[in-house]
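Quick caveat: nothing in here was measured; it's all calculated off a predicted structure.
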Amino acid sequence: TVGVFEDYTNLKKITLPEGMTEIPKRTFYNCMNLTSINIPSTVKTIGEYAFCNTGIKSITIPNNVTTIEYSAFRSCSNLEEVKLSTGMTEIARLTFYNSQKLKDITIPSNITAIRNDAFAHTGITTITIPSSVKVIEDGAFSYCEQLTGTIIIPTNVTAIGDSLLEGSRKVERLEIKNTNATIGTRILMNRKTIAQGEKYKAIEGANITSSTSNNEEVAAVTADGTITAVGEGTASIHYYNSDNEFIGSTTLTVTKPVS
């Protein structure tokens with residue numbers, strides 16, 4: 001039944017029986033005080049918005065689950081730990097959108113597609129994209145404000161949507177292994193601090209053909225996006241492809257040379 005427990009705000013814990021094969025859409029939608037639930041090993045499908053806006057803190061998706069529909073775990077404000085099913089082949093759009101306490105997640109090795117905004121506005125601090133992935137859609141990791149380090153897009157990825165890491169300003173670097181991949185706009189817009197005299201490149205493999213600096217007394221940039229820190233201050237660096245489309249930007253702060 002669709003939405004069987006929807007808006008049951010007094011529901012705190014529930015045990016689902018073995019034998020059920022589906023958790024229909026909106027089953028626990030807006031059960032804000034639901035903090036504990038099991039998913040039976042017989043379940044194959046979790047419907048759209050099934051756990052949206054619940055209070056669950058952790059969830060293990062059994063390996064028999066092959067489909068999690070969009071927004072299933074959207075806006076779960078207390079969700080910190082998720083173990084995904086190895087039976088899934090894609091992560092649907094908005095699956096974990098706005099689950100801001102979600103810090104760590106492992107993407108299973110047979111996932112082929114990460115759909116629109118799947119992890120947008122979450123608290124993830126690191127992410128590894130498996131080699132099985134072929135498509136990453138718009139905003140998949142956008143506005144992940146705690147995401148850091150180098151994000152590597154594997155060779156098998158042939159399409160990267162717009163705004164991949166827009167708003168994820170702590171990301172150090174984006175490395176795209178397949179230089180023939182179709183790449184959207186605004187894929188990385190980050191902040192970076194380096195010392196005078198140092199070099200830095202934010203995006204590799206995106207076929208950047210022209211770049212600009214709004215303050216060449218602070219930072220100079222070559223066409224391919226390689227930055228040289230010239231003097232103390234701040235500069236905004238923009239990157240473009242051969243069609244003059246805006247690929248991304250770096251807000252750069254240059255400090256005194258390292259002694």
Sequence-distant partners of Lys101, salt bridge (Lys or Arg N to Asp or Glu O under 4.0 Å), two or more places apart: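 In terms of salt bridge (Lys or Arg N to Asp or Glu O under 4.0 Å), with neighbours along the sequence ignored, Lys101 is linked to no residue.
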
Test salt bridge (Lys or Arg N to Asp or Glu O under 4.0 Å) applied to Glu80 - qualifying residues, sequence neighbours left out: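 Expected list: none.
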
Flag side-chain contact, heavy atom, 4.5 Å: [X] against [Y]:
X: Asp138; Y: Ser163; result: no
X: Ile23; Y: Ile39; result: yes
X: Leu188; Y: Val171; result: yes
X: Leu164; Y: Ile153; result: yes
X: Thr234; Y: Val254; result: no
X: Ile129; Y: Ile136; result: yes

Side chain [X], main chain [Y], donor-acceptor under 3.5 Å:
X: Ser211; Y: Ala223; answer: yes
X: Ser168; Y: Phe141; answer: yes
X: Asn178; Y: Val157; answer: yes
X: Asn98; Y: Thr122; answer: no
X: Thr112; Y: Thr89; answer: yes
X: Thr251; Y: Arg191; answer: no
X: Ser213; Y: Asn215; answer: yes
X: Thr42; Y: Met20; answer: yes
X: Ser132; Y: Ile111; answer: yes
X: Ser99; Y: Cys76; answer: yes

What distance separates [X] [atom1] from [Y] [atom2], expressed to the nearest 0.5 Å?
X: Thr67; Y: Glu22; atom1: OG1; atom2: CD; answer: 9.5 Å
X: Asp104; Y: Thr128; atom1: CG; atom2: OG1; answer: 10.5 Å
X: Ile37; Y: Thr60; atom1: CD1; atom2: OG1; answer: 12.0 Å
X: Ile105; Y: Phe96; atom1: CD1; atom2: CZ; answer: 4.0 Å
X: Ile91; Y: Leu84; atom1: CD1; atom2: CG; answer: 5.5 Å
X: Thr125; Y: Leu102; atom1: OG1; atom2: CG; answer: 9.5 Å

Sequence-distant partners of [X], side-chain contact (heavy atoms from CB on, under 4.5 Å), two or more places apart:
X: Arg93; value: Tyr70, Arg115, Asn116
X: Thr106; value: none
X: Thr182; value: none
X: Thr212; value: His238, Tyr240

Other ILVMFWY residues reachable from Tyr97 by side-chain steps of under 4.5 Å: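 Other cluster members: Leu94.
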
Asn190 and Thr250: side chain donor to acceptor below 3.5 Å: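 There is such a pair between these side chains.
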
No-hydrogen, no-angle side-chain donor-acceptor test under 3.5 Å, Lys199 and Thr228: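 Short answer, yes.
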
Is there a path of hydrophobic side-chain contacts, each under 4.5 Å between heavy atoms of I, L, V, M, F, W or Y residues, that connects [X] with [Y]?
X: Tyr143; Y: Phe73; value: no
X: Ile151; Y: Ile114; value: yes
X: Val221; Y: Val230; value: no
X: Leu147; Y: Ile152; value: no
X: Phe51; Y: Met32; value: no

For Glu245, side-chain hydrogen bond (donor to acceptor under 3.5 Å, both in side chains) partners two or more places apart: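 Expected list: Asn241.
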
Sequence neighbours excluded and cut-off under 3.5 Å, please list the side-chain donor-acceptor pairs for residues 10-17, or say none.
none

Between [X] and [Y], what is the shortest heavy-atom contact and its length?
X: Pro62; Y: Pro40; result: CG-O, 3.5 Å
X: Ala195; Y: Ala229; result: O-CB, 3.4 Å
X: Pro108; Y: Thr86; result: CB-CA, 4.2 Å
X: Ile247; Y: Ala206; result: CG2-CB, 4.4 Å
X: Pro154; Y: Pro130; result: CG-O, 3.5 Å
X: Ala120; Y: Cys144; result: CA-SG, 4.5 Å

Listed once per pair and sorted, the salt bridge (charged side-chain N to carboxylate O under 4.0 Å, His left out) pairs that draw on residues 159-181, sequence neighbours left out: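 Counting only pairs at least two positions apart or across chains, the salt bridge (charged side-chain N to carboxylate O under 4.0 Å, His left out) contacts touching residues 159-181 are Glu166-Arg186, Glu172-Lys192, Arg173-Glu175, Arg173-Glu204, Glu175-Lys177.
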
Residue pairs, two or more places apart or on separate chains, that pass salt bridge (charged side-chain N to carboxylate O under 4.0 Å, His left out) and touch residues 34-57: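 Those involving residues 34-57 do not exist here.
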
Contacts of type ring pair (Phe, Tyr, Trp, His ring centres under 6.0 Å), residue Tyr239, not counting sequence neighbours: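 With sequence neighbours excluded, Tyr239 shows a ring pair (Phe, Tyr, Trp, His ring centres under 6.0 Å) to no residue whatsoever.
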
Residue among Ile68, Asp117, Val82 satisfying side chain to side chain contact (heavy atoms under 4.5 Å, CB included) with Thr95: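 One option only clears the test, and that one is Ile68.
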
More than 12 heavy atoms from other groups under 6.0 Å of CD on Glu198: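 Check passes, neighbour count above 12.
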
